[in-house]
Participant: 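The structure's right below; bear with me while I get my questions together.
For the numbers below, each heavy atom of this structure counts, side chains included, while hydrogens, waters and symmetry mates do not.
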Amino acid sequence: MKNSNVSKAGYTEKNCKGKGRRFLLLFLAVLTVTAGIFFSVCYITEIRAEKMMSERKKSSGEIDWAEDMIGWIQIPHTSISYPVMQRKDDPEYYLHRDVDGGYSFYGTPFLDGRCRTDSDNLLIYGHNINGRRFFGALQNFREKSYFDSHLDLIFTTRQAVETYRIVSVIETDVSSLAFSFADTYNENDYRKYGTYLIEKSKFTTNEQEKLLEEFNQEKEIWHTYQFITLSTCRTFEGKEKRLLVVAYRERNEDYESEK
C-alpha cells in the first residue's frame, strides 16, 4: 500500500507539471499571436499614415493643400518629406491626428502655435517612431558623416519654396532655450537665441563659424536670417530628452513688406 501511495503522489506531481507546461506553452502561443496582430495593425496604420501624407504631394511637386496645412518640409535624399500642420486655437491638435483630422498614433508634423511662416524661428514637432521612421529619421543626424552629407532642407509654403542650410544638431531636453525662440522683438534677443542655436551644436563646421562671426559684429543683424528647428524625442534616453536639427536661410529683401 505504501508503494501505491508513493506512485500516486509521483503521478499527481508529474501530471501537474505537464499541465503547467501545457498552460505555459498555450500562454506563450496566445502572447505571440496577440503581439503579431498588434504589430501588424501598427504596421498597417503606419503605412496608411505615410500614404495619406505622401499623396498630398504629387510627382510634379504640386501640393494638395489640406485646410490646416501651412507647409511641406523635405530633406532631400532622406525619408523626411512631410506636410506641416498648424491649428492656432489647438496647437497640439495634430500630435495624434492625420492630415484629415482623424486619429493617428503617429500624428503629423506641426508648427508651434506661436509661429507664423515668416517667424524668426519655425519650431516644427514630429514623432520619433522606432526604426527611425517619421521624425525618428532625424536621429541619423547624430552621426557626423550623415550630417555632412545632408545639408539642405526645403520648406514649401503657399507663398514660396525656400531652401535652408542645416547648420546645427542639438541634443537637449524640453527646458532648452530653443523652445523659447519663435519671434524676437529686439536685436539683443535675436543675437542671444541665434547664437544659442549655433553654439550648442553637437558638431562644429565652417558654416557655423561664419554665422557666429556675423552675430558678433556690431552691425545690425536682427531678422537677417530665418531659422527652422525640427524637434523630436530621444525616446530611450528619457521622455524629456529632445533632438533638434536646425537650419537657416538668409531672408530676402521683401521681408519687411511681408510683415
Side-chain angles (χ1 to χ4, degrees), residues 49-102 104 106-129 133-138 141 150-168 178-179 181-184 193-194 197 223 225-232 242-252 254-259:
E50 288 270 19
K51 186 171 183 292
M52 285 184 69
M53 286 189 279
S54 64
E55 285 178 345
R56 289 287 177 173
K57 191 171 187 181
K58 302 174 183 177
S59 58
S60 63
E62 183 182 352
I63 296 172
D64 179 13
W65 295 93
E67 182 179 357
D68 291 333
M69 191 188 301
I70 53 89
W72 192 282
I73 197 81
Q74 180 181 9
I75 302 178
H77 311 298
T78 76
S79 60
I80 300 289
S81 181
Y82 296 114
V84 178
M85 315 300 286
Q86 187 183 53
R87 180 170 286 201
K88 288 278 191 180
D89 60 351
D90 190 356
E92 295 190 350
Y93 183 81
Y94 287 96
L95 184 65
H96 291 297
R97 293 181 184 271
D98 59 35
V99 289
D100 295 325
S104 170
Y106 303 100
T108 309
F110 61 94
L111 182 66
D112 191 293
R114 296 167 295 173
C115 298
R116 303 180 309 275
T117 55
D118 62 352
S119 288
D120 291 322
N121 183 34
L122 303 179
L123 285 158
I124 300 175
Y125 307 100
H127 285 298
N128 173 13
I129 303 301
R133 301 187 299 280
F134 292 82
F135 264 27
L138 295 176
F141 281 91
H150 299 85
L151 294 177
D152 288 334
L153 180 152
I154 300 170
F155 187 52
T156 303
T157 65
R158 294 175 189 263
Q159 293 76 38
V161 178
E162 302 287 1
T163 299
Y164 297 71
R165 192 74 165 175
I166 296 175
V167 73
S168 180
F179 297 116
F181 178 25
D183 280 301
T184 55
Y193 291 122
L197 292 180
H223 299 315
Y225 299 106
Q226 182 187 43
F227 293 91
I228 282 184
T229 301
L230 306 183
S231 172
T232 196
R242 297 293 183 269
L243 177 70
L244 310 180
V245 174
V246 183
Y248 81 104
R249 73 175 178 93
E250 187 169 359
R251 291 187 186 272
N252 58 45
D254 296 330
Y255 171 69
E256 289 301 326
S257 62
E258 291 170 3
K259 295 289 282 186

Participant: Give me the atom names and distance for the closest heavy-atom approach of Ala247 to Tyr164.
Facilitator: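 Taking every non-hydrogen atom into account, CB-CB, 3.7 Å.
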
Participant: Closest approach of Phe181 and Gly194, non-hydrogen atoms and distance?
Facilitator: CE2-N, 4.2 Å

Participant: Within the structure provided, determine whether Ile166 and Ile75 are in side-chain contact (heavy-atom separation under 4.5 Å).
Facilitator: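 Result yes, sub-4.5 Å side-chain heavy-atom pair found.
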
Participant: Can Leu244 and Phe179 be said to form a side chain to side chain contact (heavy atoms under 4.5 Å, CB included), step by step?
Facilitator: CA-CA 10 Å; Leu244 310 180; Phe179 297 116; 3.7 Å; yes

Participant: What verdict does the side chain to side chain contact (heavy atoms under 4.5 Å, CB included) test give for Asp112 and Gln86, after you've listed the backbone C-alpha separation in whole Å, the side-chain angles of each residue and the deciding distance to 0.1 Å?
Facilitator: CA-CA 7 Å; Asp112 191 293; Gln86 187 183 53; 5.9 Å; no

Participant: Provide the closest heavy-atom pair for Val99 versus Thr108 in the form atom of the first, atom of the second, distance.
Facilitator: N-OG1, 3.6 Å

Participant: List the steps, then state whether side chain to side chain contact (heavy atoms under 4.5 Å, CB included) holds for Ile73 with Ile228.
Facilitator: CA-CA 10 Å; Ile73 197 81; Ile228 282 184; 4.2 Å; yes

Participant: So which heavy atom on Ser79 is nearest to which on Ala137, and how close?
Facilitator: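 Answer, listing the atom of Ser79 first, then Ala137: OG-CB, 3.4 Å.
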
Participant: Would the Phe110 and Tyr94 ring centres measure less than 6.0 Å apart?
Facilitator: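 Ring centres of Tyr94 and Phe110 not closer than 6.0 Å.
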
Participant: For residues Tyr193 and Asp120, determine if any side-chain heavy atom of one lies less than 4.5 Å from a side-chain heavy atom of the other.
Facilitator: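 Tyr193 vs Asp120: side chains apart.
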
Participant: Specify the closest pair of heavy atoms between Met85 and Ile70, including all atoms of both residues, with the distance to one decimal.
Facilitator: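 In terms of heavy atoms, the two residues are closest at C-CG1, 4.2 Å.
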
Participant: Check whether any side-chain heavy atom of Leu197 lies under 4.5 Å from a side-chain heavy atom of Tyr248, and answer yes or no.
Facilitator: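 Counting from C-beta outward, Leu197 and Tyr248 never come under 4.5 Å.
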
Participant: Is the closest basic N to carboxylate O distance between Asp183 and Arg116 below 4.0 Å?
Facilitator: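 Salt bridge present between Asp183 and Arg116.
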
Participant: What distance separates Leu122 CG from Leu111 CG, expressed to the nearest 0.5 Å?
Facilitator: 6.0 Å

Participant: Please give me the minimum heavy-atom distance between Asp98 and Asp100, naming the atom from each residue.
Facilitator: OD1-N, 2.9 Å

Participant: Just by distance, do the side chain of Thr157 and the backbone of Ala160 share a donor-acceptor pair under 3.5 Å?
Facilitator: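 Looks like yes, one N/O pair under 3.5 Å.
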
Participant: Which is it for Asn121 and Thr229 under the side-chain hydrogen bond (donor to acceptor under 3.5 Å, both in side chains) test, yes or no, and what are the steps along the way?
Facilitator: CA-CA 7 Å; Asn121 183 34; Thr229 301; 2.9 Å; yes

